[in-house]
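Remarks on the structure that follows.
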There are 2 protein chains.
Amino acid sequence: MTAGLDQSAIRRLNTSVALRALAVSAEPMTMTVLADQVGLSRRTIELILAALVEAGWVEELERVPVTGGAGRPPRRFRLRAKHALLAAVRVNTLEGAAVVSDVRGNILGRARRALREYHDPQSTLDDAADLVREALVDAGGTADRLRAGAIASGGAIDDDGVVRRLVFTEHWEGVDLPAELGRRIRIPWFADNDANLGALAEHWRGAASDHDDVVWAQLGSRAGLGILIRGSVHRGFEGAAGEIVEAASMLAGSLDDHPIAGLTSPVHEQRRFARARMDAARAEDLAALAEVDEFVEHIVSILTTLSWTIAPSLIVLSGGLEDAADVLLPRVRDRMRAARNPDIELRATSLGSDGPLIGALKFALDRMDTQLFGPVVHDA
Amino acid sequence: MTAGLDQSAIRRLNTSVALRALAVSAEPMTMTVLADQVGLSRRTIELILAALVEAGWVEELERVPVTGGAGRPPRRFRLRAKHALLAAVRVNTLEGAAVVSDVRGNILGRARRALREYHDPQSTLDDAADLVREALVDAGGTADRLRAGAIASGGAIDDDGVVRRLVFTEHWEGVDLPAELGRRIRIPWFADNDANLGALAEHWRGAASDHDDVVWAQLGSRAGLGILIRGSVHRGFEGAAGEIVEAASMLAGSLDDHPIAGLTSPVHEQRRFARARMDAARAEDLAALAEVDEFVEHIVSILTTLSWTIAPSLIVLSGGLEDAADVLLPRVRDRMRAARNPDIELRATSLGSDGPLIGALKFALDRMDTQLFGPVVHDA
DNA sequence: AGCATTACGCTACCTAGTAGCGTTTTTGAT
DNA sequence: ATCAAAAACGCTACTAGGTAGCGTAATGCT
């Protein structure tokens with residue numbers, strides 16, 4: 001049962017809306033423009049801005065005459081992006097990477113390093129925390145500015161950030177990522193699957209900014225699907241949503257009598273494809289092209305399943321295939337159309353391998369400002 | 001970009017919250033109880049109730065001494081459920097059915113009839129409108145009380161209620177169901193796939209009331225999946241979400257090299273299963289049990305695909321299988337567990353064949369009170 | 001310098017919450 | 001019958017947060 005609201009909810013909400021508008025605009029904004037954009041009176045915006053300046057979230061710039069126009073120059077306000085810093089960290093089987101950004105999501109510092117022992121969650125999380133500290137130094141920031149962080153990890157991660165399944169290892173099962181990281185670096189932490197965060201990133205500032213139901217498909221060396229429904233990550237029961245590819249490899253062998261979209265080991269596919277792609281590019285050689293076609297079929301079978309279950313309006317292909325997009329995408333599109341699948345848009349990632357890290361930043365950012373400014377209103 | 005809110009939004013929202021609380025409770029409510037439940041002050045509730053009584057949505061009952069307690073007897077308020085009526089209509093290939101309900105969803109009147117010619121959308125929609133009028137008469141209501149309606153139809157229906165795909169016929173493609181019905185009966189109409197509405201019904205007042213990510217699977221004579229994500233219907237691109245079963249039969253033949261979860265014609269399966277079930281029930285005969293197992297495998301293959309793509313927390317099985325649930329469900333559960341799928345809850349429908357109609361009522365109800373009282377706030 | 005233009009700073013006012021006081025209506029004990 | 005306790009009512013006073021719009025300030029143009 002939803003609860004009623006008092007007026008302070010309105011102010012929190014309107015503050016949040018104003019702040020988001022400021023965050024989106026690269027240029028400083030005037031009160032009048034901001035008021036127009038968020039649909040509130042100038043007076044209200046004036047008061048909200050005063051509070052935000054007071055709190056340090058926004059700074060007022062010196063006035064500058066409007067070029068070409070008459071009239072009193074407006075006051076100009078700009079988000080103080082560095083008022084708060086966000087951390088994102090990602091761990092793979094082999095290495096970890098961290099970034100620190102301002103609240104706009106501008107990446108200010110980075111760190112990257114091979115992990116000591118992935119199968120030991122504790123040492124890996126220690127490494128992750130070190131990476132965050134390193135990235136923070138690289139960003140020239142201090143620990144007290146860090147406001148929130150998120151970790152992108154493989155495997156099925158539930159709504160609370162607990163790892164429920166992870167292929168190739170069982171040591172991570174049950175690890176509470178936010179709690180573990182929170183013990184090492186004392187800020188609120190959030191966790192999600194790297195593919196989900198890849199999708200979120202693409203929606204925030206990538207190829208999917210104009211779609212709300214998105215699947216982000218990483219079909220390279222690490223396979224995984226990320227799902228966005230109505231603009232929010234869909235994790236599914238115990239984080240299993242979109243784990244179809246990993247499920248297939250996990251179940252391989254016992255699976256012959258249960259074909260799931262005809263999947264085979266992604267690692268194997270990847271190797272084969274890498275070779276085939278190079279060959280084809282080099283010589284337009286028929287055998288190599290056949291291998292590309294085989295890989296295309298593999299992709300198409302997954303996308304077909306997606307088309308008739310989740311039916312996103314956009315599928316973003318990722319996973320080190322970006323450079324081969326010109327070869328792959330048209331073929332995949334042709335095959336999808338030939339199979340009479342819904343005419344779902346297909347694009348290559350525009351963020352590359354940074355996707356999950358950027359998504360983690362957005363994830364932390366969303367949670368942070370919901371905490372600070374209250375929930376968002378959706379029209380049903 | 002979300003817009004800011006003024007105070008009147010709060011009142012609309014709080015009114016809606018109060019009204020929903022009244023709708024949920026079967027008993028009349030007192031101001032104090034209502035205030036407690038929605039988290040607003042008694043005074044605010046008092047004012048909201050006054051407005052609702054004024055508008056006819058709520059009636060005040062005579063006071064009755066509280067049994068067993070001291071103190072002044074409270075004022076008692078009850079939703080005037082019949083202040084507005086809702087219509088729901090459903091069309092199959094062969095017949096149509098309509099119900100008229102009050103805003104609580106109590107069904108007050110019904111009508112049901114064979115359709116003249118399903119392949120002609122216009123005559124079918126005429127029939128649908130007639131059914132609604134008939135059900136209205138049966139309910140003892142008048143046309144001016146009807147406030148909104150919804151239609152449940154097969155096929156892929158997009159967010160605007162336009163039919164995008166329908167197996168076995170092309171005449172329905174592009175038909176704008178809300179517009180067509182609105183021309184015949186002048187209230188706001190909404191449309192959705194019958195399986196989606198089945199899922200919604202189950203969530204509202206059926207087997208899925210305690211889950212928010214639900215798949216409703218009708219695997220009987222008409223096949224179809226309905227999907228609820230975060231409690232709302234997920235339609236997908238051009239309504240294709242969950243059409244995997246129909247897709248398979250549509251593509252059958254050209255599909256051999258693109259196995260989608262090993263599907264075969266649902267009608268065929270259904271016939272086979274009906275026979276098998278009866279045999280098995282009659283004689284525990286081995287051949288019949290083998291056929292049941294075959295059907296179980298068919299279901300399991302679909303559910304497996306669902307488990308790793310959408311990964312709902314609950315799957316509701318429907319489609320005339322209710323009476324066989326005791327035979328089927330344990331077997332399906334065993335096979336799902338054996339295949340190491342996520343341990344997703346499986347239940348039989350509790351609404352039977354009325355599901356889609358009841359879901360259509362809920363759908364109309366939700367749209368109607370969003371229109372009247374504004375959007376709902378979600379915590380992110 | 002004077003005027004048009006644009007934005008500012010502010011007062012007055014409205015809506016919709018909350019707090020809580022004094023009153024009313026009841027039950028149960030004396 | 002009377003009175004205290006209990007429970008809810010009806011209301012006034014107050015606060016928060018919004019809008020309207022007036023008089024003022026700062027600028028460019030002629």
Side-chain angles (χ1 to χ4, degrees), chain A residues 2-19 27-55 58 60-78 373-374 377, chain B residues 2-19 27-55 58 60-78 373-374 377:
Chain A
T2 330
L5 296 183
D6 62 6
Q7 292 77 337
S8 70
I10 287 207
R11 174 52 72 89
R12 283 203 314 278
L13 218 137
N14 286 343
T15 303
S16 155
V17 171
L19 201 57
E27 297 299 302
M29 296 181 82
T30 71
M31 293 200 297
T32 310
V33 167
L34 192 53
D36 272 11
Q37 218 169 85
V38 305
L40 294 171
S41 69
R42 188 172 49 76
R43 177 61 173 144
T44 298
I45 291 297
E46 193 179 347
L47 294 170
I48 287 173
L49 282 173
L52 284 172
V53 168
E54 173 71 23
V58 167
E60 181 169 359
L61 306 177
E62 80 291 0
R63 299 187 190 193
V64 164
V66 180
T67 52
R72 178 177 181 169
R75 295 168 69 179
R76 301 182 309 144
F77 295 87
R78 185 172 61 186
F373 304 110
V377 173
Chain B
T2 329
L5 297 182
D6 62 6
Q7 287 89 329
S8 70
I10 287 206
R11 175 51 74 88
R12 283 204 312 279
L13 219 137
N14 286 343
T15 302
S16 155
V17 172
L19 202 57
E27 296 301 300
M29 296 181 83
T30 71
M31 294 200 296
T32 309
V33 168
L34 192 53
D36 272 10
Q37 217 169 86
V38 306
L40 293 170
S41 68
R42 190 172 47 79
R43 176 61 172 147
T44 299
I45 290 297
E46 192 179 348
L47 294 170
I48 287 173
L49 282 173
L52 284 172
V53 168
E54 172 71 24
V58 167
E60 182 170 358
L61 306 177
E62 79 293 357
R63 299 190 192 190
V64 165
V66 180
T67 52
R72 177 177 182 170
R75 295 169 67 179
R76 301 183 308 144
F77 296 87
R78 183 172 60 187
F373 304 110
V377 172

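Computation of the quantities below employed the complete heavy-atom set of this structure, encompassing side-chain atoms and omitting hydrogens, waters and symmetry-equivalent molecules.
The minimum heavy-atom distance between A/Pro28 and A/Arg78, with the atom names listed, is CB-CB, 4.2 Å. Scanning both residues, B/Val38 and B/Ala18, for their nearest heavy atoms gives CG1-CA, 4.3 Å. Nearest heavy atom pair, residue B/Arg76 against residue B/Glu62, reads NH2-O, 3.2 Å. Residue A/Val58 comes nearest to A/Leu19 through the heavy atom pair CG2-CD1, 4.0 Å, listed as atom of the first residue, atom of the second, then distance.
B/Ser41 comes within 4.0 angstrom of a nucleotide base, judged by non-hydrogen atoms across all strands. Counting any heavy atom pair closer than 4.0 Å across all strands shown, A/Leu40 reaches sugar-phosphate atoms only and no base atom.
The nucleotide whose nearest atom lies closest to any side-chain atom of B/Met31 is, among C/dT25, D/dC9, C/dC10, D/dC9. In this structure, the nucleotide among D/dC9, C/dT15, D/dT19 sitting nearest to the side chain of B/Arg42 is D/dC9. You'll find that the side chain of B/Thr32 is closest to D/dC9, out of D/dC9, D/dG18, C/dG17. In the set D/dG18, C/dG17, C/dC10, the nucleotide with an atom closest to the side chain of B/Thr44 is C/dG17. Set against C/dT24, D/dC22, D/dT27, the side chain of B/Arg72 has C/dT24 as its closest nucleotide. Taking the side chain of B/Arg75 as heavy atoms from C-beta on, and the options C/dT18, D/dG10, D/dG17, the nearest nucleotide is D/dG10.
The nearest whole Å value for the distance from the CG atom in A/Leu5 to the P atom in D/dG17 is 13 Å. Between the C1' atom of D/dA16 and the CZ atom of A/Arg12 lies a distance of 13 Å, rounded to the nearest Å. Taking atom CG of residue B/Leu13 and atom C1' of nucleotide C/dG17, one finds them 14 Å apart after rounding to whole Å. Rounded to an integer number of Å, the gap from B/Leu47 CG to C/dT15 C1' is 11 Å. For B/Ile45 and D/dG10, the CD1 to C1' distance is 16 Å, given to the nearest whole Å. Atom CG in A/Asp6 sits about 20 Å away from atom P in D/dC14, given to the nearest Å. One can place CD of B/Gln7 at 13 Å from P of D/dA16, the figure rounded to the nearest angstrom. The distance between atom CZ of B/Arg43 and atom C1' of C/dC21, rounded to the nearest whole Å, is 13 Å.
Note on B/Arg11: a side-chain N or O is less than 4.0 Å away from OP1 or OP2 of C/dG17. Under 4.0 angstrom from either OP1 or OP2 of C/dG17 there lies at least one side-chain N or O belonging to B/Asn14.
Judged by distance alone, with hydrogens and angles left aside, the side-chain atoms of A/Thr15 form a donor-acceptor pair with the main-chain N or O of A/Arg11 at under 3.5 Å.
Both B/Glu46 and B/Thr30 lie close to DNA chain D; mapped to their nearest nucleotides by heavy-atom distance, the more 5′-ward contact belongs to B/Thr30.
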